Engineer: 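Here it is: the structure, laid out below.
Throughout, a chain's letter reflects where its sequence line sits, starting with A, and its residues are numbered from 1. The structure presented is a predicted model; accordingly, all values stated were derived computationally and were not measured.
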2 protein chains.
Amino acid sequence: MSRWEPNARGRLEQAALELYGESGFESTTVAEITKRAGLTERTFFRHFADKREVLFAGAGALQEMLVSKVNDAPASLPPIEAIATALHEVADAVFEERREFARRRQAAIAANAELQERELIKLASLSSALADALRERGVADPAASLAAEAGIAVFKIAFERWTNDTGERALSQLIRESMDELKLVTGGQPLTTRR
Amino acid sequence: MSRWEPNARGRLEQAALELYGESGFESTTVAEITKRAGLTERTFFRHFADKREVLFAGAGALQEMLVSKVNDAPASLPPIEAIATALHEVADAVFEERREFARRRQAAIAANAELQERELIKLASLSSALADALRERGVADPAASLAAEAGIAVFKIAFERWTNDTGERALSQLIRESMDELKLVTGGQPLTTRR
DNA sequence: ACAGATGATGTCGGCAACTGTCATCATCGG
DNA sequence: CCGATGATGACAGTTGCCGACATCATCTGT
């Protein structure tokens with residue numbers, strides 16, 4: 001038996017997501033979150049750097065996973081394809097089974113500018129880490145940064161469609177479509193047949 | 001004669017940029033900024049929504065200018081070229097003469113995550129506005145969003161090089177180089193000859 | 001089995017960002 | 001010359017967030 005209920009961190013995440021959904025991010029106080037989780041305010045800030053971070057706990061793991069998948073991609077793949085491969089694998093491995101959670105989370109984020117800022121800097125960090133991984137593969141700058149930014153742009157737009165669409169198209173498929181569209185738009189040719 | 005010194009807003013911007021540069025964003029208080037500007041804290045928050053916004057006062061005007069230049073671009077231009085044109089024109093019209101200011105401002109932003117978040121959401125707003133402008137031109141989604149995101153990525157990377165490089169290459173030139181590199185990276189061909 | 005180390009949580013006090021509200025007073029249109 | 005307007009000041013209150021110290025179950029070594 002432990003002195004406290006287990007999984008304090010998870011209870012805080014759960015309570016925060018619920019409250020942000022019920023009352024909105026701004027009008028829920030940290031005191032309310034900790035009360036619902038049965039903890040104190042001070043403890044909240046020991047687990048999360050600030051009130052926003054509680055929605056982004058998984059970002060670090062996602063970044064590590066993406067980077068390692070880029071590292072594992074065949075050296076023969078051009079940079080944008082290495083990133084596309086990593087995105088597809090991660091989409092199938094971790095997102096497909098969490099669609100409802102992702103929807104609730106994105107709804108909270110979409111409703112508040114501060115949360116959008118935090119999401120954007122997480123994506124920027126992802127982009128920066130992917131660019132580093134590409135440089136490890138011998139890709140020069142600014143190609144590395146641009147391929148990473150382009151890959152994140154594709155992911156962002158595909159993810160947005162995935163959480164908004166009423167249909168059930170897989171994230172992986174939406175990523176493929178967006179990547180093809182980007183290639184068209186920048187004047188290149190897609191590697192797969194469209195529609 | 002007016003009751004107060006003129007240009008309160010400008011004095012606040014100036015004082016804030018100085019102090020963020022001298023002591024960093026976090027360790028300067030709004031009280032210090034207003035003291036240097038000869039105003040009160042309450043007045044600061046009448047001019048700027050929060051402590052970060054004082055560095056981003058020009059973002060709205062930049063967005064309007066970019067959108068109007070996309071609107072004015074020849075209808076025959078493909079979407080990515082319409083955006084590229086707008087970026088080049090804005091680079092020459094407003095940035096080239098403010099390089100030193102831009103350097104100081106970017107130094108403050110680079111040193112603080114909260115300011116980076118704000119910068120990122122301004123760029124996201126820019127991207128969203130450009131996507132709207134492309135849709136006005138008849139560009140379908142997701143092509144409009146992707147072209148806008150790609151254009152902003154190019155601008156971001158070119159701007160970063162422009163403020164970091166010790167050399168004096170024009171922003172417009174760096175934008176052209178980054179755009180060509182993006183086209184290469186996504187599998188297309190650049191419209192200009194490289195190097 | 002016991003003592004001390006460890007680690008998660010609680011308690012308390014405080015700073016600074018931000019807000020609501022009302023007062024002040026120069027300027028301007030009539 | 002008067003009332004409206006608009007920018008600023010004064011002041012009190014809420015809340016995010018942090019430092020410092022206390023508590024106490026579990027772990028670790030002997």
Engineer: How many whole angstroms separate atom CZ of B:Phe25 from atom C1' of C:dA16?
Structural biologist: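 These atoms are roughly 12 Å apart.
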
Engineer: Please report the C-alpha distance between A:Lys51 and A:Glu114 in whole Å, then the side-chain angles of each, then the deciding distance to 0.1 Å, and finally whether the salt bridge (charged side-chain N to carboxylate O under 4.0 Å, His left out) criterion is met.
Structural biologist: CA-CA 10 Å; A:Lys51 193 185 159 190; A:Glu114 291 180 60; over 6 Å; no

Engineer: Going by distance alone, is a donor N or O of one side chain under 3.5 Å from an acceptor N or O of the other, for B:Ser145 and B:Arg135?
Structural biologist: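 Checked: B:Ser145/B:Arg135 side chains pair up, N/O donor to acceptor below 3.5 Å.
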
Engineer: Is A:Thr28 touching bases, backbone alone, or none of the nucleic acid, heavy atoms closer than 4.0 Å?
Structural biologist: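 Sugar-phosphate contact only.
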
Engineer: Which is it for B:Glu149 and B:Ser127 under the side-chain hydrogen bond (donor to acceptor under 3.5 Å, both in side chains) test, yes or no, and what are the steps along the way?
Structural biologist: CA-CA 6 Å; B:Glu149 289 280 340; B:Ser127 173; 3.2 Å; yes

Engineer: Taking any heavy-atom pair under 4.0 Å as a contact, classify A:Ala8: base, sugar-phosphate, or nothing.
Structural biologist: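 Contact class for A:Ala8: sugar-phosphate only.
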
Engineer: Can you find a pair of side-chain heavy atoms, one from A:Val154 and one from A:Ile83, that are under 4.5 Å apart?
Structural biologist: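 Side chain of A:Val154 against side chain of A:Ile83, heavy atoms only: no contact under 4.5 Å found.
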
Engineer: Do we see a donor-acceptor contact under 3.5 Å between the side chains of B:Thr40 and B:Thr43?
Structural biologist: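 Yes, B:Thr43 and B:Thr40 have a side-chain donor paired with an acceptor closer than 3.5 Å.
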
Engineer: Quickly work out the B:Ile33 CD1 to C:dA16 P distance and round it to whole Å.
Structural biologist: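 Answer to the nearest Å: 13 Å.
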
Engineer: Can you list, in residue-number order, the parts of residues 39-61 of chain B that come under 4.0 Å of DNA chain D, counting heavy atoms only?
Structural biologist: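 Result for residues 39-61 of chain B: B:Leu39, B:Thr40, B:Arg42, B:Thr43, B:Arg46, B:His47, sorted by number.
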
Engineer: Where along residues 104-123 of chain A does a heavy atom come under 4.0 Å from DNA chain D, residue by residue in number order?
Structural biologist: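 Nothing qualifies; none.
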
Engineer: B:Glu5 CD to C:dA26 C1': how many Å, rounded?
Structural biologist: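 Going from CD in B:Glu5 over to C1' in C:dA26 covers 14 Å.
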
Engineer: Going by side chain to side chain donor-acceptor pair (under 3.5 Å), B:Glu117 matches just one of A:Gln116, A:Lys122, A:Arg52. Which one?
Structural biologist: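 When A:Gln116, A:Lys122, A:Arg52 are each tested with B:Glu117, the side chain to side chain donor-acceptor pair (under 3.5 Å) holds only for A:Arg52.
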
Engineer: Do A:Gln106 and A:Glu160 have side-chain atoms, one donor and one acceptor, less than 3.5 Å apart?
Structural biologist: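 Distance-only check fails for A:Gln106 and A:Glu160.
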
Engineer: Can you tell me the distance, in whole Å, between the CH2 atom of A:Trp4 and the C1' atom of C:dT11?
Structural biologist: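 Value for this atom pair: 13 Å.
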
Engineer: Taking atom types as modelled and ignoring hydrogens, do the side chains of A:Arg36 and A:Thr28 form a donor-acceptor contact shorter than 3.5 angstrom?
Structural biologist: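 No, no side-chain donor-acceptor pair sits under 3.5 Å.
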
